[in-house]
Amino acid sequence: QLVESGGGLVQPGGSLTLSCAASGFTLDTVSIAWFRQAPGKDREAVSCMSRSGNPNYVDSVKGRFTISRDIAKNTMTLRMDSLKPEDTGVYYCATSTSWLCFLRPGTANDWGQGTQVTVSS
């Protein structure tokens, strides 16, 4: 099970940190990812991390977002800086039994419930 927290309303240029607590398995046995979905649009990948800990980011968030995991706390995190209005959407954490970083929603085995992020002045 994945339980998310940390969404909210933030002004452009601001920061937010999303967290996702895992239970029933440990995060060092899966690859992890964050996705987002804006109204009327498909769910899209934001960032992923392989089982070995190598991160990857889509071009639109490179240099602004940071994915991480804390194995001891069994929690994954997405730090978001320099937020833009186009970052608005529902953010989902996800895990996969794949060894590799994954950016396709169909590869996920488990999903968080989603948390709303709104970037607006």
Side-chain angles (χ1 to χ4, degrees):
Q1 184 182 10
L2 299 172
V3 179
E4 300 182 43
S5 60
L9 172 64
V10 63
Q11 292 186 341
S15 299
L16 275 177
T17 298
L18 307 181
S19 295
C20 179
S23 60
F25 59 93
T26 55
L27 289 179
D28 57 350
T29 64
V30 295
S31 56
I32 64 175
W34 288 91
F35 293 78
R36 66 186 178 193
Q37 188 165 18
K41 294 188 176 180
D42 292 336
R43 192 170 297 188
E44 63 174 4
V46 173
S47 178
C48 61
M49 178 177 282
S50 67
R51 277 203 211 183
S52 60
N54 294 317
N56 194 13
Y57 303 91
V58 297
D59 288 344
S60 61
V61 306
K62 279 182 181 177
R64 301 189 298 122
F65 289 14
T66 305
I67 189 171
S68 62
R69 64 182 181 181
D70 186 325
I71 302 302
K73 295 181 179 180
N74 216 29
T75 300
M76 55 192 283
T77 299
L78 184 69
R79 168 73 178 185
M80 305 183 293
D81 296 313
S82 302
L83 282 161
K84 305 175 181 180
E86 51 264 42
D87 295 318
T88 295
V90 179
Y91 282 68
Y92 299 88
C93 58
T95 61
S96 171
T97 54
S98 169
W99 277 95
L100 302 176
C101 204
F102 68 102
L103 295 174
R104 295 172 60 182
T107 306
N109 298 117
D110 289 288
W111 290 92
Q113 81 280 13
T115 186
Q116 177 70 44
V117 172
T118 303
V119 184
S120 175
S121 54

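- The distance from atom OG of Ser52 to atom CH2 of Trp99, rounded to the nearest 0.5 Å, is 8.0 Å.
- Expressed to the nearest 0.5 Å, how far CG of Asn109 lies from OG of Ser98 amounts to 9.0 Å.
- Taken to the nearest 0.5 Å, the OG1 atom of Thr118 stands 6.0 Å off from the CG atom of Leu9.
- For Asp59 and Lys62, the salt-bridge test passes: some basic side-chain N is under 4.0 Å from an acidic carboxylate O.
- By the 4.5 Å heavy-atom criterion applied to side chains, Thr88 and Gln116 are counted as neighbours.
- Annotation: the span from Cys101 atom SG to Arg51 atom CZ amounts to 13.0 Å, rounded to 0.5 Å.
- Using a 4.5 Å heavy-atom threshold, the side chains of Ser31 and Leu100 count as separate.
- Minimum interatomic distance between Arg69 and Asp28 (heavy atoms only, all atoms of both residues): NH1-CA, 4.2 Å.
- Annotation: the span from Ser15 atom OG to Asp81 atom CG amounts to 3.5 Å, rounded to 0.5 Å.
- Val30 belongs to a hydrophobic cluster with Leu2, Val10, Leu16, Leu18, Phe25, Leu27, Ile32, Trp34, Val46, Met49, Tyr57, Val58, Val61, Phe65, Ile67, Ile71, Met76, Leu78, Met80, Leu83, Tyr91, Val117, Val119, counting contacts under 4.5 Å between side-chain heavy atoms of Ile, Leu, Val, Met, Phe, Trp and Tyr, direct or through other members.
- Residues Ser82 and Asp87 come closest through the heavy atom pair O-OD2, 4.4 Å.
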>> side-chain contact (heavy atoms from CB on, under 4.5 Å) for Leu103 and Glu44? Distances and angles first, verdict last.
In response: CA-CA 8 Å; Leu103 295 174; Glu44 63 174 4; over 6 Å; no
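- With hydrogens and angles ignored, the 3.5 Å screen pairs no side-chain donor or acceptor of Asp110 with any backbone N or O of Thr95.
- Here the CD atom belonging to Glu4 is positioned 4.0 Å from the SG atom belonging to Cys93, to the nearest 0.5 angstrom.
- Nearest approach of Pro105 to Trp111, heavy atoms of both residues: O-CZ2, 3.5 Å.
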